[in-house]
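I have placed the structure first, in the form of structure tokens, so that the comments after it can refer back to it.
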Amino acid sequence: MEETKINDTLSVRESASLEPKAQKKKKEHRIRYTWADYVIAAVLILFSLVTFYQLWYVIIGSFSNGQEYASGRVFLLPKGFTWANYSVIFRDTVFWTAFRNTVLRTVTGVCCSLIFTALVAYGMTSKYLRCRKAYYWLFIFTMFFSGGIVPMYLLLRILGLYDTFFVYIVPSLFSVYNMIIISSFYRGIPDSLYEASELDGAGEFTIWWDIYMPLSKPVLATVALWLAVDHWNSYMGTMLYTEAGEWTITLQYHLKHLINEAAGASSEYAEMVSAKTISYAGIVIALLPIMCFYPFIQKHFTKGIMVGSLKG
């Protein structure tokens, strides 16, 4: 009994002596901010406010009366709140045709480009690929040098892709930059997985699809987001390589015409809308799908960039 009492008293003393040391360590590990940290924080907050205000200005402009907006009195809140701008957009059949085409282009383009680029990336990481370095430097050359718009236009004419829906899909199937990001991720996958699958009799395509693709979800999600934003916001392809027909007009191209010409403004809302407010309403509607899609990709975004760029 006496020994247990002695041990208890010693443990109490030791814990008591350790408590001030732990408190000292906590104090030492407290972050001490300098004036530079406060300056950086202030600059970042200011930058965030300026960036957010641009989006906020578009939103309040879309709900403002066209005459009030033209007077220059719209700053923080809508003036002459109205739904007329959105009513004009919802009644514009061309807008919804362009919206449909853009959704089809984005979904099809992202899926096809992601699969094709990932397949090339897998081939570039294979030790059995002959002339791999030659292919690599050929790809790098095409990153920095291209023929330009006129040769591209002539090539699309020869291939029969001009003024077709596939003019948005085929030229964007492969991206060298995305291939390098994905192949860098593939190099971080242990070779033992490949060797074990090969011993089990799996072919190259099976190994790529069943092993490499599921393991590379972070980097694939990141690349998919890049591709989706690129397809969704593009209008140059419509302007240069199509006649902007029923199956080739895209949303951003139509918004460009809304901004320049106020297309779709009817006489019913002539006194309540303007070219700018209608275009702002179209921009808000065009932003909603990307804003809804981003939260599902955000958890993979940073991880995909860092892992894909650092592994090699």
Side-chain angles (χ1 to χ4, degrees), residues 44-107 109-110 168 225-240 242-298:
L44 291 176
I45 293 172
L46 179 62
F47 181 78
S48 301
L49 291 175
V50 171
T51 305
F52 175 76
Y53 180 74
Q54 298 179 49
L55 176 61
W56 178 248
Y57 186 78
V58 171
I59 294 173
I60 63 176
S62 67
F63 288 105
S64 297
N65 183 282
Q67 304 300 325
E68 295 285 345
Y69 176 83
S71 65
R73 292 187 294 175
V74 177
F75 293 104
L76 295 177
L77 295 173
K79 295 293 184 180
F81 185 90
T82 179
W83 292 92
N85 299 299
Y86 288 93
S87 297
V88 172
I89 293 294
F90 290 146
R91 295 184 180 186
D92 185 9
T93 57
V94 180
F95 177 88
W96 293 110
T97 301
F99 189 89
R100 176 202 64 190
N101 294 341
T102 302
V103 170
L104 290 175
R105 173 187 175 175
T106 302
V107 174
V110 169
Y168 302 131
L225 179 63
W226 293 342
L227 292 170
V229 172
D230 184 53
H231 279 285
W232 188 266
N233 292 331
S234 177
Y235 72 91
M236 287 294 293
T238 307
M239 186 169 61
L240 296 174
T242 71
E243 301 293 337
E246 182 180 358
W247 285 98
T248 54
I249 188 171
T250 53
L251 182 59
Q252 303 302 331
Y253 179 82
H254 185 59
L255 288 178
K256 177 178 176 294
H257 279 273
L258 283 178
I259 294 171
N260 294 335
E261 302 174 9
S266 62
S267 57
E268 182 182 353
Y269 300 105
E271 297 180 356
M272 304 174 64
V273 301
S274 66
K276 284 291 185 181
T277 54
I278 292 175
S279 64
Y280 288 158
I283 291 170
V284 170
I285 296 174
L287 282 174
L288 289 177
I290 292 295
M291 294 178 67
C292 295
F293 177 70
Y294 182 77
F296 298 99
I297 304 297
Q298 185 180 11

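Note that the coordinates shown come from a computational prediction; the quantities given were computed from them, not determined experimentally.
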Tell me, please, which residues at least two apart from Ser234 pass side-chain hydrogen bond (donor to acceptor under 3.5 Å, both in side chains).
Arg105
Gap separating the CG atom of Leu227 from the OG1 atom of Thr106, nearest 0.5 angstrom:
10.0 Å
What pairs with Phe90 under side-chain contact (heavy atoms from CB on, under 4.5 Å), at least two apart in sequence or on another chain?
Tyr86, Trp96, Ile285
For Tyr253, side-chain hydrogen bond (donor to acceptor under 3.5 Å, both in side chains) partners two or more places apart
His257
What about Trp232 and Tyr168, are their ring centers closer than 6.0 Å?
no
Separation between CD1 of Ile249 and CE of Met239, rounded to the nearest 0.5 Å:
13.0 Å
Quick check: closest heavy atoms across Ser64 and Val74, and the distance to 0.1 Å?
OG-CG2, 3.8 Å
Pair listing, salt bridge (Lys or Arg N to Asp or Glu O under 4.0 Å) test, anchored in residues 71-80, at least two apart
Glu68-Arg73
If you look at every heavy atom in Gln252 and Ala286, which pair is closest and at what distance?
NE2-CB, 4.2 Å
Tell me yes or no: between the side chains of Thr238 and Thr250, is some donor less than 3.5 Å from an acceptor?
yes
For Tyr280, which residues count as a ring pair (Phe, Tyr, Trp, His ring centres under 6.0 Å) partner, sequence neighbours excluded?
Tyr69
Quick one about Thr277 and Asn85 (side-chain donor to acceptor, distance below 3.5 Å, no hydrogens or angles considered), yes or no?
yes
Which label fits Tyr53 and Tyr57: parallel for a plane angle under 30°, tilted from 30 to 60°, or perpendicular past 60°?
tilted
Give me each pair satisfying salt bridge (Lys or Arg N to Asp or Glu O under 4.0 Å) with a member in residues 278-296, each pair once, sequence neighbours excluded.
none
Indicate yes or no: at least one non-hydrogen side-chain atom of Phe81 is less than 4.5 angstrom from one of Asn65.
no
How many angstroms lie between CD1 in Ile60 and CG in Leu77, if you round to the nearest 0.5 Å?
7.0 Å
Nearest heavy-atom approach of Leu76 to Trp56 is O-NE1, 2.7 Å
Could you walk me through whether Thr248 and Glu243 pass side chain to side chain contact (heavy atoms under 4.5 Å, CB included), step by step?
CA-CA 7 Å; Thr248 54; Glu243 301 293 337; 5.6 Å; no
Starting at CD1 of Ile278, measure out to CD1 of Ile283 and round the result to the nearest 0.5 Å.
12.0 Å
State, yes or no, whether a side-chain contact exists between Glu246 and Thr97 at a heavy-atom distance under 4.5 Å.
yes
